[in-house]
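Structure first, then comments.
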Amino acid sequence: MVSEGKFGKFGGMFAPEILVPSLKELDAAFKRFCSDENSKKELEYYLTEFAGRETPLYFCSNLSREYGCKIYLKREDLVHGGAHKLNNTLGQALLAKYMGKTRLIAETGAGQHGIATAIAGASLGMKVDVYMGSVDMERQRLNVFRMKLMGANVIPVETGSRTLKDAINEAMRDWITNVESTYYLIGSVVGPHPYPVIVREFQRVIGKETRRQILESEGKLPDAIVACVGGGSNAIGIFYDFLKDMNVNLIGVEAAGEGLDTEMHSASCCMGTDGVLHGAFTKILQDDDGQIKTSHSVAPGLDYPGVGPEHVYLQEQGRVNYVAVDDSETLDAFEILCKKEGILPALESAHALAHALKIADEFKDGIIVVNLSGRGDKDVETFAAKRGVLV
Amino acid sequence: MSEVRVLLAALGFACMSIKETFEKLEGKGALIGYITCGDPNLEMSLKITKEVARGVDILELGIPFSDPIADGATIQAASDRALKAGIRVDDCFRIASEIEGTPKVFMTYYNLVLQRGIDKFLSDCVDAGVSGLIAPDIPIEESDDLLRASEEYGVDLIFVVAPTTDDARMNRIIEHTKGFLYVVSHLGVTGAKDSLYEGTINFIQHVKTVADNRIPIAVGFGISTPEQVENIIKAGADGAIVGSAIINLVSEGMDDEGDFKRLRDFLKSLREAAHRA
């Protein structure tokens, strides 16, 4: 019995028997899809003409001057839909079509992945059902409406903590029930094999472009790349093509929420322990019985008590350094980027920026690339409320 | 100490094994009843579980998990109630150890086994007289460690087959399964259904053929009435597993003797249906 899809000892396929044959079928179909010239061309077409790739690698002259090193932003916030999520949903929706599936289901926390799935579904003519915790629906009302506008059906999840992890549970139950017609479009590098590989491969475009762009503008690789990590898809996407470049420091930034010394954070790499959640052996936030804890972050996209298994492997290997930034540092960075560069970052991405500004001193005259994974229109209300401002 | 336990288990001192239970029924169908430990609280759960144990051939005890992806709304709600009441995995072992005379298996998600430690979990099973373990989120591909330990402690590892499982895979699963084979009746999660799905009877007959008397087969998911129990046993199943329907009944409240009598009568009707077929 050979288990598949391991990153060292992490990952695997801890899924109910009903799904195992489908996961294997998905694995095989994905491999065929990747070597199919027409499929590759079609994805390339949608990424360029529809999603708006490639995205700029923008030099922040004001911040760079102030912080004494060259700070670049990989502008995934400019991808259609407002986040890197569409790279993955277009890829997987085309894969679903290639497999003959007619219906997409997805989970969403902040709503960004739900929107990206709704966009891909509308564009490719597929039915979309999105599971979303009722607590998240309340926090992200605008995104719920955006999904509905694009023809998606948003299903409220009232179980457990009524947030992202519960939405994933509910999406998995739907998939278990409708596995023959339905494609489960996971939004991050989590879940059972082959999902962490599929999502990584569709997000690698971020790192490939970054590498080419920084070589063009600077003639050398950056000293550090910083990305936020919830499940970890934007981070693995930008890190992956730099893994062999040992001089490039790769830093994943988790959400410390109200502090790592409290229960109110989402820092699975920093504070979690080994366990199985949503089909993968990885690091999770759990009590000593193994019950999954409720996570917290001001950034709903990071609010998840687990992390992609490949990140835990890269942490164990010492290749990527994982740190955490709290809510208040994040809000400061959010504001700084608006004021100094005229760019409104997602609160998720503001975690990465906050850490980059913190370590700028260590990289005097060096180059730091921050993956600006999404735009922050959705977070303006939250920010205003946290600052006590009425909008 | 653990060697003594293993020896006792190997000699069959712990309790009647699952295999013996099926043999003793001599062709009659077994009623396997599921209940979530700790629902709605420890004290009530103990009373209810004892009542269920008296009315079934094999007791399946669920250890509540915060994220039960293979379960439907009923068992999820039962798990939530139990966890809210503060039930711990230790309490579930305590409940199990207080049930005597009925063979018991645990049903829980793999993370709870992992966190306790596979060896400790299984040796505690032996201590509590639990003969088997069903973990719905661990397919054979991931089960090497658990298989090795379950052999060592003499606890039956019960695997699942589903309508999506092909014959080659089913054969591999049967080779590694001890106690009984858990047959998922249809594509979906647990939860009481009014009628059997189209295809369930054919699927049972098919599994029976593939199993070829190597192991008893028990069918679960969506089975809630004596008529359904009778039909699946007639189709060739050696056991019928009823869970959500029992939980639906007890979650209406178990306040007086009348409620317990209703439970008793319900189990009796299911068991008679299983034995009659």
Side-chain angles (χ1 to χ4, degrees), chain A residues 1-6 9 11-25 157-161 165-166 168-182 191-193 273-282 284-294 305-306, chain B residues 63-73 76-77 79-80 82-83 87-92 108-117 121 135-144 147 159-166 168-170 172-173 175-176 182-184 186-191 221:
Chain A
M1 283 175 286
V2 184
S3 78
E4 293 167 87
K6 290 280 168 77
K9 66 177 179 180
M13 200 185 269
F14 293 87
E17 175 62 22
I18 290 183
L19 295 182
V20 172
S22 298
L23 289 165
K24 292 188 171 191
E25 180 199 333
V157 175
E158 302 286 358
T159 52
S161 60
K165 84 175 171 68
D166 311 286
I168 295 179
N169 294 341
E170 218 51 58
M172 282 194 165
R173 291 181 184 125
D174 181 318
W175 199 38
I176 286 170
T177 310
N178 301 296
V179 65
E180 280 155 349
S181 66
T182 296
H193 180 72
T273 49
D274 292 359
V276 169
L277 176 64
H278 294 144
F281 182 64
T282 182
I284 56 182
L285 303 178
Q286 57 186 331
D287 69 14
D288 51 7
D289 265 2
Q291 308 293 354
I292 310 305
K293 286 186 186 171
T294 302
Chain B
I63 304 179
F65 179 51
S66 52
D67 295 80
I69 54 168
D71 285 301
Q76 162 108 54
S79 304
D80 285 351
L83 292 173
I87 194 89
R88 304 293 311 254
V89 174
D90 279 343
D91 299 320
C92 302
T108 198
Y109 290 81
Y110 189 46
N111 197 47
L112 299 188
V113 180
L114 267 185
Q115 296 317 315
R116 197 172 186 85
F121 191 97
D137 59 346
I138 184 152
I140 43 168
E141 285 84 349
E142 302 289 356
S143 65
D144 282 1
L147 267 171
F159 283 101
V160 172
V161 294
T164 48
T165 311
D166 68 25
R169 190 172 165 79
M170 202 180 287
R172 278 214 312 286
I173 291 171
E175 279 162 28
H176 290 97
Y182 195 123
V183 181
V184 169
H186 64 94
L187 298 183
V189 293
T190 60
F221 282 41

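Just so we're on the same page: letters track the sequence lines, and every chain starts at 1.
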One option among Asp166(B), Ile138(B), Thr165(B) has the most heavy-atom pairs under 4.5 Å with chain A, and it is Thr165(B)
Polar side-chain atom of Thr182(A) near backbone of Trp175(A) as donor-acceptor pair, under 3.5 Å = no
(Q) I'd like to know if Arg173(A) and Glu170(A) make a salt bridge, using a cut-off of under 4.0 Å between side-chain N and carboxylate O. (A) yes
If one checks every heavy atom of Ile168(A) against chain B at 4.5 Å, the contacting part turns out to be neither
_Under-4.0 Å salt bridge between Asp288(A) and Arg88(B)_ = yes
Assert top hit (heavy-atom pairs under 4.5 Å, partner chain B, pool Asp289(A), Ile292(A), Ile176(A)) equals Asp289(A)
message: Is it the case that the side chain of Asn111(B) and the backbone of Gly275(A) share a donor-acceptor pair, with hydrogens and angles ignored and the cut-off at 3.5 Å?
response: no
Between the CG atom in Leu187(B) and the OG atom in Ser181(A), the distance rounded to the nearest 0.5 Å is 10.0 Å
If one checks every heavy atom of Ile63(B) against chain A at 4.5 Å, the contacting part turns out to be neither
When the 4.5 angstrom heavy-atom criterion is applied to Asp67(B) and chain A, the contacting part is both
Residue from Lys165(A), Glu17(A), Gln286(A) scoring the most non-hydrogen pairs under 4.5 Å with chain B is Glu17(A)
Q: Evaluate side chain to side chain contact (heavy atoms under 4.5 Å, CB included) for Phe159(B) paired with Leu147(B), printing each intermediate quantity in order.
A: CA-CA 11 Å; Phe159(B) 283 101; Leu147(B) 267 171; 4.1 Å; yes
Bottom line for Pro139(B): the part with an atom under 4.5 Å from chain A's heavy atoms is both
Check: Sub-3.5 Å donor-acceptor pair from the side chain of Gln291(A) to the main-chain atoms of Pro64(B), do we have one?
Finding: yes
Most contact-rich option vs chain A, by heavy-atom pairs under 4.5 angstrom, among Leu83(B), Thr164(B), Val113(B), Val160(B), is Thr164(B)
Okay, Leu114(B) and chain A: the region with an atom under 4.5 Å from a heavy atom over there is side chain
Okay, Tyr110(B) and chain A: the region with an atom under 4.5 Å from a heavy atom over there is side chain
Ranked by heavy-atom pairs below 4.5 Å to chain A, first place among Ala162(B), Ser66(B), Ala77(B) goes to Ser66(B)
Point to revise | Salt-bridge contact Arg116(B)-Asp90(B) (side-chain N to carboxylate O under 4.0 Å) | key: yes
Applying a strict 4.5 Å limit to non-hydrogen atoms, the region of Val161(B) in contact with chain A is backbone
Bottom line for Val184(B): the part with an atom under 4.5 Å from chain A's heavy atoms is side chain
Return yes if a side-chain donor-acceptor contact under 3.5 Å exists between Ser161(A) and Asp166(A), otherwise no. yes
When the 4.5 angstrom heavy-atom criterion is applied to Asp71(B) and chain A, the contacting part is backbone
